[in-house]
Structures are given as C-alpha cells and as structure tokens.
> 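Right, I'll just put the structure down here and ask away after.
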Amino acid sequence: MNREIAKRRYMDVFRPDVMHSSHGDFLATHVPMKKLYVTQQLTDHAEVPEQEKKNPKTEEEVYERFMGEMEEDQFVLVIGDSGAGKSHLIRWIDTVHKMRKSEKEVVLPIRRADNTLKGTIRQLIDLPEVKSLPNKELYKKLLSAATSVPEKELKETIYYQFIIQITNDDGKAGDEESVRRINNVDRKHLIALLQNSLFKDRLMESDGPIDRIYGKFAENKSNEVNDTVAEFKDEDFEIDSEFRNKLLLGADDKARKIADKLIDNNEFVCAVKEYINRFVEKVIQRCAGLEPGDLANVIEEIRRELFRQGKTLTILMEDITSASGVDDSLLDALLTDKIEYPEKQMCRINAIVGATDGYYREKFKTNTKGRIHNFVYVPDDLFGGNKKGLLEFFARYLNTISLDPKDIQQWVDQGKGEMETYPVHVVTIGDGWGEYKLGDKHINLFPFTQNSIMFLYDKQDIAKRNPRSLMRDIIETYVKESIEQLEDFPVHRPTFYPSNPELQNAIYNNINYDDSTKLRLACFMYVWGDGTLQTYEKKGVRYVAGLPENVYKELGLPVIDGNKVVVPTEEPSVPESTGSSSPEGARVPAREKENEQVMIALQEVDKWIDNKDYKLSIGATTKSVKALNNARKNINTFLFNSIDWQSEGVSNNAVQKVKNQDKFLVAFDRQTQKSDSVITLPASIESRGIIEAFVRWSEVGKESWNFNNSTDYLLRVQKWGDSIKPTLVKAILHYDDKKSDYFSFAVAAEFYRLILNGYCKNYQDPHNLSPELLLRKNQAVSGENGHTKSWNDLLRIVNGSDGAEARTCVLQYYNLVQGDVVHSINYEFDALAFNKAVKGVIKTGLHYETVDLQLDDPVKKRRLYSEYLKKIIDRLDIVVNDEKAMLALQLANIEKSVSLDDLESTTDIEDLIDEIGKFYSQAQKSHISIAIHYDLSKINYCKRNVEQIVKAINVAKQVAQTRDTIESLLLLSRDPLVCLKPFVELLNLAAADLEKTNSEVEMRMKTYKTENPDLGDTPYSRQQQIIENCAKTIEEVREHHVVG
Amino acid sequence: MFIGNMVTEAIPPRVFALYRIVETKKSIRRSELQAMMEPPELREDNTSAYFSIVLKAAIELKLVDNKDNVILLHNPDDQIRTMDEFRRYVISIMPSFESEQFWRCSNVIVNMNEKIFEYSSISDSDMLGYLSNRLGQQISASMIRGWRFWAQFLGFGYMNNFAFLPNAYLYVKNVLLLSNLERGKEYGVEEFMTCFSRYGKIILPLSVGDRNLNISMSSALRELHDNGEIVLKTGSDREANWTLFPSKDFFNQPISSIVFKGVQL
Amino acid sequence: MLLDDLSKSIKAMKLLDTRETDRLTAEKRAKNDADFASLVDEFGNSVSVLKEAITMLDYRVSLETVQTMEDCSELLRGVIDDGVAESSKLYDIRQHISKKMLPNLSKEWKSFHQGITGGPLAKLHTLGRLVTDEKGVTEVRERIAAGDNWNNLSMLNENGDSRLIMLKNGLDEIIHMEEGLNLNDNVRAFIDSVTKRNAKVSDITEDIVNWIKKEGLEDRFIVAFRV
C-alpha cells in the first residue's frame, strides 16, 4: 500500500456508483469475469437452468454473442443479485464496445448513477441524440421531470398523491378486470388512516416507504447503491398495540377501525400493502408530470431519427429500477420490434438492460417476461472456484487505491489500459504481507495476506460473496482500519475455530499479554497467518505463523515464541486457476462449518473483552445477545444444579430462595441489565471460554455436552465452577457481609403463631419454649374463642398464607430432601442442626425488634420472613394491651356484683352459678318476664368451666401485673376471656334480671292484697238440703210408689 | 445402598445426620433416633419411613451398629465432624464394596467416557438398558437416581439435573490425601497408579491392563495439574505411559510421572 | 351480695307462686261448685216432679228407676262428703243423670202417660160427638198431649201451670164433661159400645132412647151395618 495516496483515495474507489466515477479506476480494478451464464429462458424461479450452469461463459464470450453486427432488434436482460456485478459487466461492455463498434452504431449508456428516475432522465436529456429530438414538447416534459423539487415538498406530494389515487379508486387499483382488492369500507378507512398525522409521520420516517419511493424517484441521499425497491412493505402497515393506543388518542373512528383490523392480521396487512403498491408507478408518474408513454416516445423518436440517419442504436441500461415509475413502459419501448411497425421507420435497437432477479421475478409483467429471450446471469459467487480471480480482485483494488489518478489516466490514455502497461503502486507500508503476482507484476496485498483473503472470503455469507459486498465488507473495512487504526488492527475480528489450538493456548496462557492483545494476536495469527505455532528464519528474518516479525511489529503485536521448524521449501504460490477446487481447499484444513450462534456470540464477547466501553445488552432480545442471554441463564442453571448444596452445608431451602427469585449467580461485567449477581464474569479470555462452552452446549450440543471436543469445554467449566464454588456457597446465605437469618425469623414467627393459636399455654417464659413444639401438627385453630378483635385479626394473619409459608420454611429448612425438591412431606431431619438453630431463636425470648430483622435482604423470598415477623411484632403491643384492657373490664364487671375475694375457689363460683340457675328456674316457674333469659346451656357451660374461670380470674390478675409483652402474650394465650366472658355476662345479666324480678314480684303481689277471698264455711249446705229432701222423697217413692 | 441394591432414600446428608446424632448421644434407642429424624406428628400416614433405609446405609458404611434396637457408634474412637471428613471416610472404605452394585455401577459409568453425553438423563431408559447389560443385573431408574447423590457427593463428577458430567477432581483429591503421598516427590506413573488404585480403583479403567484414563480421571488429573496440586510429566519411555482422554486445550501428552505438590481442601 | 340477693328474690317468687296457685284453685272450685249446684238442682227438680206426679196422678215408677235416683243422690252426697266438687266427679254425675236416670224416668212416664190418657181420650172422642163445645174438646186433647214428655213436665204455660197440672186438668175436664151429660150406667155402657163401634140395635133400649130425647141428641146417632 501506498499509505499516503490510499488515505486520500480509497473512498473514491470504493464508491464507484456515484455520478463521477472514474473510467480509469474502473479499468484498473476490473477483473475479467469468467463465470457468466447465458440462457434463452429462465426457470419459473428466475434461475438459470442447470444445463446452462455447466457451461459458464467469460465476459468476452458474452460480448461476442450479443454485441456483434446484427440486423434484428435484440433485448438482453442482465440478471443477478444485487451487487453481483451486473452494472460492472454492462459498463465493461460499454467500455469495450466504444473501442470496437462500427461508425454507424450509436450507443446510449444509461448509467445507474444515483439510481433515481430523475437521475436517469437527466442522463437522457444530456444525450445529444435526445437534445436534438424533433419533438420539442417531449423534451420540455423531460426537462421539467428532471427538475429538482425540495425533498419535503416532493415527499408531501408523493404522500398526497397516494391518498388522491386511493380516493378515486374503486378498490380494484385500476385493474378493471380484477376483483376488488379491498372493499369500499376498508378503503375509506385506509384513507382515514393515511390522513391521520401520526400514521403519516410513521410512513414519512426516513427509511419508510415514502422515503424509499422518494429515494428511487428523486434523490439517492446515500452514497450507497440503492437497490431497494420503491414500494410499501408489510411492516409499514403492521400496527402494534402500542401504536394503536397512541392512535386512539386522536384518530377518528374510521382510522381506528382499520388500525384494529391491522393488528396481528398478516393477511390483511399484506392485502393493504399490495393494494397500495399498485399505485406506486402512477404516483411517481404524476409527481414527475410524466405519462406512461413518454419515455417510450423518447426511444421511438430517437429510433426514427437514427433510421433517417441510417444508424443503429445500442442502449446499455445498468439498472432498470433507475426508471422506477416508468420502467414498465420503458421496457415496452425497448422490446418494440421494428418489424412489427414498419410504417414507423425505426432503426434497429440492441438493448442490454440490468435487473436484479428479485425485481425481474416480482415486478416484470408476465407478458414482458414472455418477450425476453436473452439472459445473461451474473452469479453471486463470481469467484467461486476461482481463487486466482479472488486474489486478483483484491489485488487490483488495493493497487488502485494506492495509485495516483493521474497515473491511471495515463495508463488508460497512453497505455490503452493494456496489461503490459498496468501501473503498480509504490509500497510505503506493508512490506512482507504478501503479494499477488499479476503477470510479471507484484502487487502488495497489505492490509491482507493471501491467508486472510481466503479466510475472510470463506467466512463471508454465501449471499454476500459478490464483488460489491466483498469490496465493501472486507476490502474497505480493513483498508480503513489499516489507515486509521493500525495499532488496533484487526479491529473487526472474524471468529475462527482453531483447528490447532496449540497456538491459541500459547497465546491465551501467556501471562505477559493482556486479554485484548491475546484476542488480537490470536485472530491475526489464525486469520492472517497460518494458525500454527511454527517459526523459522529466512534470510535473517524470523517468521512466526508464516508471517515475518516486522509485520507483528508494524501492528504493535508481540512476537510469540514458536516451535522451530525448517524453512518451507517453497513460498506458497497461487495456483493459476484452481478450476473446480474451492478456495478454502487451498490452505485451511477441513474445518467444521461454525455454528452461527456461536459465531455471533463470540463476536459480541470479543468486542466486549476488547473494548472497555462496550456494554453487553444482556436482557435485550437482539440477535447478537440472544445466545449470550441463554448462556448466562444456562451458566446459572448449571451452577445451581452442579453444586451439591446439602453436602456443602447449605439447605436446599436456602438455595431455592435465591433460585426462585431468578437471581443470577453470575452476571457479565459491563452488562446493560442491572444485576445483583454473586460473581461478575470479567471481560476476559477465561470468561470467553466459559461463555463459549455454554453457547456450544446449547447451540451445538442442543443442551447437551454431546458435541465435538466437549470434554475440554466441560473441563473449563468445571474448573471455573470449582474455583468460584466457595464464593457461591458463602453468597447463597449472605448479603452485604451479613448472614441471612431468615430461618430464625420464620421460627420466631412460627412460635408466635403457635402462641396465638394457644399451643403454648403451658409456658410462662418464652425462654422455656422447646424446639419439639414446632414439630407437631400445629394446625390453625379456628372457631370460637374469647380473644379480642385485634388478637383474632393477628391470629388470622398468622394462620394465613404468610404463616403457612413460615411454617413450611421451619419444617423444610433442615429437612434433608432428595435432589432439588423444594419441600417434601417426607421428613428426614438434620435434628441436631435444627435444634441448635431453634434454640438460638428461643434464647432471644422471641424479643425481636425491627432493627433485628433483615428487611434489606435483597432476596425477596427471604425478606418475606422478616416482613412477616415485623407484621407480627408491630401488632403485639396492641394485641396484648387490648386483651389486658378487656380482662380488666371483665374483672371490674365481676366486682360490680361480687367481690373477687368471694370468688377464690371453685366452690365459690359453683355456688354462685347454681344460685343463678335456681333464680332463673324459679323465675320461669313464677312466670317472671326475665325468664326468657334463662339459658341453661350457658349456665351449664359456666358450671363446667368453674375451674377455668378460677384460673382465668387468676390469669387476669397475673396479666395485670405482667409488664413483658411476650410473657403477657403467653399468659393471654390461655384465653382467660373465653370462659370469663360468659361468666361475667351471666353475672351481669343475673344482676340486672334480679332487679327486674324484684319489681315484678312486688307488682304482682299487690293484687293479692286488694282481693277478698270469699271462702264460705259450708259451701254445699243448700245442696245438701236438696239432696236430703230428694232422698226422703225417693225413699217414699220406693216404699209406696213403685210399680208392681 | 452400598451392599445390595442402590436406593434413592439414603442420601449422604441423611446418613451423616444420623451418624451425628448417634455420635452426640453415644447410644440411642432406635425408636428415639427415628423420632428425631422423622418427627412422628409430621409424618403423613401414607408416607413410608425412610429411616430404616438410611440406618441400613449407615450400618453398611460401618458408621453405626444396631445392638438390640440400640444404636451405637461402630467405632467410638473415630469422630467424623464434617461432610468433608465424612466423604473421605466413605472413600476410605469404598474398596470393601468392590463386588457390590454401587461400586460396579460407578465404575461402568465413569468408563462410559463421551458416551455418557449422549444421554440427557442418567435414568434414560437406554442408559439403564446399557448399565443393566454391563452389570448383568437390572438397574432401575430409582437405583440410578440414588447413585447420583453419592456419585456427586463422593466426587466422580458433577450432576446437572440428571446429566452426569464426569470429572473426579474431588474424588481424586481425597484419594491423594488418603494415600499419604510425599509432597514434592515425583512418582513414576506406575507407582502413582498402584498407590492410587488402593482407594481409587473405582474410577480407573475397567480392565487391569488398560492404560487409557477415562474422562473422569483425565479431567481430574488435568484440573489438579492446572491448579498446581500435581504436575503431570511426560517422558520418552513409551512403555511406562498412561494416556489421558484426548484433549486439544489441556495437557495431552502421555504421562510418565507425576509430581505430588499437595492438594488443597 | 349477689348470692344473697338472688336467694331473697327466689323466696319472694316462691311466695308469689303460693298466692297465685291459691287463687287459681278458688276460681275453678267456684265453677265446679256452680256446676254441682246445677246438678243438684236438676236432680231436685226431677224428684219434685216425680213427687207431684205421684200426688196428682198416683204415678209409680219402677224399682230400677228408683234405684237410679238413689244412685244419683248417693253420688251427689259423695261430693258433699268430699267437700269439693271435683270436675271428674261432676262429670260422672252428669253422665249418670243424663244417660241413666232421666232416660228411665222418661221412658216410664211415656208409657204411664199413654196408660192414663188412653181411656179418657177415647171417652173424649165419644163425648166429643155429644158435646157442642168442640173447641173445648180440642183444648183438652192438647193439654193431655202436652204432658207426654217427662222432661218438660215442670215447664210452665202462660197461666203459670206446669204441664203436669195441665195434664191433670185435662183428665179432670173429661170427667167433668161426662158428668155434665147425666149419664146413667146404661147410657154410659151404650155410649161405650157406640164409641167402640159395636153397639147393636138391641142395645138401644128405652132408657137410651129416652136419654137421647131428653138430651136432644137425636141427630147425633145413626145406625150402621156391621162391617
């Protein structure tokens, strides 16, 4: 390379499609094309029939076939992928043809230029043949179509033209014979949507459809070759819910309706897109003020004029899309056969037109396709099987950028562009990088070596092995790097799979280099060098990996010590033409096709290691980090799984807590996603190895280690895992240098639950609680109790899900489970450890303050226990005070009726209850109204519980004297109120009823005092008299008056 | 577990927890011991008690004895305090189980080499078929699930879910400790292997004459080598060489001697 | 103190009970006593009617009936002996009177009534043809008929006469009527025969003819064939 010249020139050379590209550069970089297919017919998929592929033609052969003298009209379509070299071929034909054609042949080259319609028309109006057209009106039209209009204005015009076209359409998009592509309702809604300003903004965005159409029509804003098609794409109408919601704010109903319909409805999106695309051509014509036939007229006029002059016409059009908008009618004109219109007196035409195969497939009308009988197919991999051609291509470009344009011009002008006079640049940098032998000339390949060209070509996606992509992606990239950042060269590092890791190990294990140097050196030695650790000396120069020492020094790379070998007998030379053998066959030992995900991931990792500012977008969904995201996930899973936690003394429960919150044990250094991971994987070669292992595990092994060389990857991972294990084990239960004590909190909370449920009635001092208490069934006690609302509210809390969670924790933490089950109903306790831990809690007397808790534990599932315990302790004072107040009230109530001193023994209470019973029973007998209060079950309940009542009274007295909340709680858990309350109620009721009874009795007694009981002494005297009289009479009757 | 069929229930921490209780109490009634490990009130009626299985394993390992339903330490003088000591103890008596299922099964699995990677799970039916065939006895899924706990604990390799990833670093380290090697001394590979095989035979090749080390053993030696705990050396004497499982990235020469530097625990 | 208050209250209620129980008994006894009195009155009534019938008509009853009456008086006397008119006893007495004593008396009276009124009525039938006061005959017949029911015998008419008296009066009237016709024995025998429709022509003696003429009863007799 001639660095000084190249620095100025390289951009000009690599951007050959702009208006002012140099003819000289073109020739200087031109490598004869040797792999062209000629056919009369393409397959349905616009491919060359296999038959013809067996018979590739050179550019010369193509020239001979189509550019010789001929009488008949001819149309040749040069077809191939974008960048394959169609334009190049047509331009070469142009160049050669100019030198070889006959006098009467007029050639109209229509360059791709900036690839816009306006650009094409500008070329036309500059042609003398067009300028002198007799039809001045037509010329004026062209002039006005070529006029520049401010971008914004033109875009608006384009946009509104679409609305106008659709508004005036009937849904058939001008194709009267077809069915409606879209119904009238949808069409009207579509118009509404297009009129919506939000949606308009969207379509008008740069790279949006209007921008694309504008770019093909008026102005190619980039320096890039514009191969995009001027049309709408599916994504332009794909509406997501976010956009819909935005739309909802302002859009009218019609726009909203169609927006809703477009959501997740691919079929409809496609229908709308296809419908609107039908208008593109018309819209462009309208905006240009052209009519479909105008260009055709131009061609026809020219042909008639030339016919008059007795000349023939050759049109060389590099890209048909540069006539977007009128391409259809233009093709029609170019295909018009003079024989069919003898009256028009047109000259012979030979049209060579370029088109991408995609454009041909999709945009050419069927009848147009049927009229084309000559195709030249320029394949993608122009250099496939042609290593020499590939190297020559590189060499010529590298040479051209280092040559002064004057020298090139001189070569074209004086040397007639002949091989013998081909100029070679003066090397100012890159001596020793290797050369390409072009004839007898040696062209320096800096910043490439033959190895690197072959390697990079091989790495290049098959679809991008065409000249333009090779130039842009490879030559330009590294030339730029070599000029601007030689000290970091190569900045773009292809991934390579070291078929011989010896060299890589030697580099990676060298403690003298930093990671960045290691990566750069390894890449350079594998890609630019021969990838071996071999070293030899030749002519006093040391070679390592096939590259001389000074090359490394030029790049500021260390020169590694290698295994000495003898000097290779022959310098590697390039075979003339390998023919069938593939370029990769030349040097690199057969290597596996690298897995794409592995490649992408490693590229990202290398950037990350290499560039201290580079962040890994972990958590994002972009393709480049997908594999890294997975790797990180898999690393975590692996670590969780592979550490034998129980054997390390960590409860499975503790592991699960961390695992369940999706905590990552490992995060990447400089990752965009925030992380509280335990280990941060530094941006280093070692990390690279770990990451690579996991990417391979998932991508190559499909989640297994069943892939080539997996044992090495596995061992790397195992070694690393072993090295960080102590940290991880410690970290599982620690945060901020504190040990997470959630088990204790769960135990304390569980003890509270037991107390509140009354399982600890027999304890007075919390320090006496025993671990065994926890190991009982201890179900939540529901049903009636005498506790206050606040007690029962707390009881409900502890018997709720939090309580269940805490209990589970208490029981599972020291349960030795099999595998990673979270909890098991099979208990196999680590009894010693359990007892020890629980005793630690008991020792505190359950006195936990908020400051004792770990409310800052970052692991949510652990923090829950602190939060839960806090919930309990926050309520304890209220609960205890409420209960105490209630008890005091009960005692006061008792004292209203009975002195507490009179209730010291069970018999005292029994007598009292009995008396109350008797009272009500008598009231019932005496029909006293309060007898309805006679509740025998209540009386019996109290009677049965006399003993408890005595105790309750004692507890109540005791509680009143107890200051300590937890001791009070324990006392209160005996639920003194449950029997005390009914008893007190009974007492109170009886006392109240007693009064009522007394007054009622008094009232009723009064009536007896006024009544005079009339009780005669001989009540039946009169009757006795009568009876005696009667008896006498009857006696008489018996004696005297009986019949017979 | 170690005598007769392998079981899932007698996992290492349980056996050790049982031992620790006995060690603390010196002697304890069987029922009392069971109640400590399996609180009676927590036992669902339909759950089977694992206790007897765990106890059996502890007896097999000569940790405890059962005398008339009183459980006593087998060897009251030795005290095993930590899981690490427990591991080393178990490794030390491993040779006595050489004819048993666990021993033989372990030996077959570590010698499967890369074939093991074909099975996503050790309880894969093909894998079970393979093992049954090799051992000449039916190996069930539950047996192999039980195996994994001890394989991982003793350090034949790593478990990632049910995938066994051979690398006997931990096991080999313990064997080296048990072997009382002399620090800094260079052992001829034959001598080293002879010494090693006393406790380490379980992870050595199946047949005596085979000098190709499996992945498990190879990775262990490489890791020790890379950690500086041993130094692998290669020499010219072809006869006295042992071959590691092939590797591209790690020490890959035939081993002729090994320098013992001292292992870290 | 509650204990004491309770027991005081219980005592007060008990006293109340006693009082109230007492009052309840008195009310009931009064009613029973009234019932008893009415039973006694009913019985007394029956006995006095019987006594009157005997006096007026020399009525006689069967021994059985006497017995039922004695039983009845015995039952009533039992109540007096009890000093209390117990409902159940009253019930028994009522049953005895209505189901035994009164049916017996009624039955026997009915047949007695038929017995004592048969002859006089037949005579009335004959005499009725002889007397001009036909309305008086009908009245007598009605009076006699009205006394056929024992139970009504003590019922009084507008003049304050009982039906028993009316019966007696009726019977007496017939006798009176006969006497007013101045009948001798022959005539009386003749009239009997005519009344019985077996008077023969030969029975028409001179006395008879004289009597007829004397009394002016020629239009009242006819001779008829024996049927």
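Quick note on labels: first sequence line is chain A, next is B, and so on, each numbered from 1.
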> Hey, could you give me the CZ/CD1 distance between F43(C) and I1027(A), rounded to the nearest 0.5 Å?
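Result: 7.5 Å between the selected atoms.
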> With respect to chain C, which residue among E1035(A), E1002(A), E1028(A) yields the maximal number of heavy-atom pairs within a distance under 4.5 Å?
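Ranked by contacts with chain C, first place is E1028(A).
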> Assess the side chains of R1038(A) and Q67(C): does a donor N or O sit below 3.5 Å from an acceptor N or O?
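Result is yes, a qualifying pair exists.
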> Quick one: CG on L994(A) to CD1 on I10(C), what's the gap to the nearest 0.5 Å?
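Result: 9.0 Å between the selected atoms.
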> For the CG atom of D5(C) and the CG atom of N998(A), what is their distance to the nearest 0.5 Å?
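Reported value, rounded in 0.5 Å steps: 7.5 Å.
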> Hey, what do you get for OG (S926(A)) to NZ (K14(C)), rounding to the nearest 0.5 Å?
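With rounding to 0.5 Å, OG (S926(A)) is 9.0 Å from NZ (K14(C)).
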> Counting only heavy atoms not in E784(A) (residues, nucleotides, ligands), do more than 12 fall under 6.0 Å from its CD?
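No - once you tally the heavy atoms of other residues, nucleotides and ligands closer than 6.0 Å, there are 12 at most.
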> On a heavy-atom basis, which atom in E915(A) and which in L6(C) lie closest, and how many Å separate them?
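Heavy atoms only, the tightest pair is CG-CB, 3.7 Å.
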> Once you round to the nearest 0.5 Å, how far does OG of S48(C) lie from CG of N1029(A)?
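It comes to 10.0 Å.
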> Taking Y1020(A) for its side chain and R77(C) for its backbone only, find out whether a donor-acceptor pair lies under 3.5 Å.
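No, Y1020(A) side chain to R77(C) backbone: no donor-acceptor pair under 3.5 Å.
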> Non-hydrogen atoms of chain A under 4.5 Å away: do they reach the side chain of A85(C), the backbone, both or neither?
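The answer is both parts of A85(C).
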> Got a second to check how far L16(C)'s CG is from R1004(A)'s CZ, nearest 0.5 Å?
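These two atoms lie 4.5 Å from each other.
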> Please find the pair of heavy atoms, one from L2(C) and one from A991(A), that lie closest to each other, and give the distance.
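Distance-wise, the nearest heavy atoms are CD1-CA, 4.0 Å.
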> Quick one: what part of F112(C) sits under 4.5 Å from any heavy atom of chain A, side chain, backbone, both or neither?
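For F112(C), neither part sits under 4.5 Å from chain A.
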> Using a cut-off of under 4.5 Å for heavy-atom pairs, which of G44(C), S9(C), S73(C) has the most such pairs with chain A?
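Greatest number of close heavy-atom pairs with chain A: S9(C).
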> Return the minimal non-hydrogen interatomic distance between M13(C) and A923(A), and the atom names on each side.
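That would be SD-CA, 3.5 Å.
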> T1033(A) vs L50(C), test: side-chain contact (heavy atoms from CB on, under 4.5 Å). Steps then yes/no.
CA-CA 9 Å; T1033(A) 306; L50(C) 179 62; 5.6 Å; no
> Hey, is CD on E995(A) packed in by over 12 heavy atoms from elsewhere, all under 6.0 Å?
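Counting other residues, nucleotides and ligands, CD of E995(A) stays at 12 neighbours or fewer.
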> One thing to verify: whether E1036(A) and K51(C) come together as a salt bridge, which I'm taking to mean a side-chain N less than 4.0 angstrom from a carboxylate O.
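Not counted as a salt bridge, because no side-chain N and carboxylate O are separated by less than 4.0 Å.
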> Just checking K884(A): does its NZ atom have more than 12 heavy atoms from other residues, nucleotides or ligands closer to it than 6.0 angstrom?
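Yes, because the 6.0 Å sphere around NZ of K884(A) holds more than 12 heavy atoms from other groups.
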> Given heavy-atom pairs under 4.5 angstrom as the criterion, report whether the side chain, backbone, both or neither of K896(A) touches chain C.
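Just its backbone gets close to chain C.
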> Among L39(C), L3(C), T65(C), which has the most heavy-atom pairs under 4.5 Å with chain A?
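Top count of heavy-atom pairs under 4.5 Å with chain A: L3(C).
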> List the steps, then state whether side-chain hydrogen bond (donor to acceptor under 3.5 Å, both in side chains) holds for Q1023(A) with D41(C).
CA-CA 8 Å; Q1023(A) 282 77 9; D41(C) 287 348; 5.5 Å; no
> Contact part of I916(A) toward chain C, heavy-atom cut-off under 4.5 Å: side chain, backbone, both or neither?
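Contact with chain C involves both backbone and side-chain atoms of I916(A).
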> Could you tell me whether K957(A) atom NZ has more than 12 heavy atoms of other residues or ligands within 6.0 Å of it?
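Yes, enclosed.
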> If we ignore hydrogens and angles and just use 3.5 Å, is the side chain of R60(C) paired with the main-chain N or O of H1040(A) as donor and acceptor?
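Yes, R60(C) side chain to H1040(A) backbone: donor-acceptor pair under 3.5 Å.
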> Do the non-hydrogen side-chain atoms of D17(C) and K925(A) ever get within less than 4.5 Å of each other?
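The answer is yes, as the side chains (C-beta and beyond) meet within the 4.5 Å cut-off.
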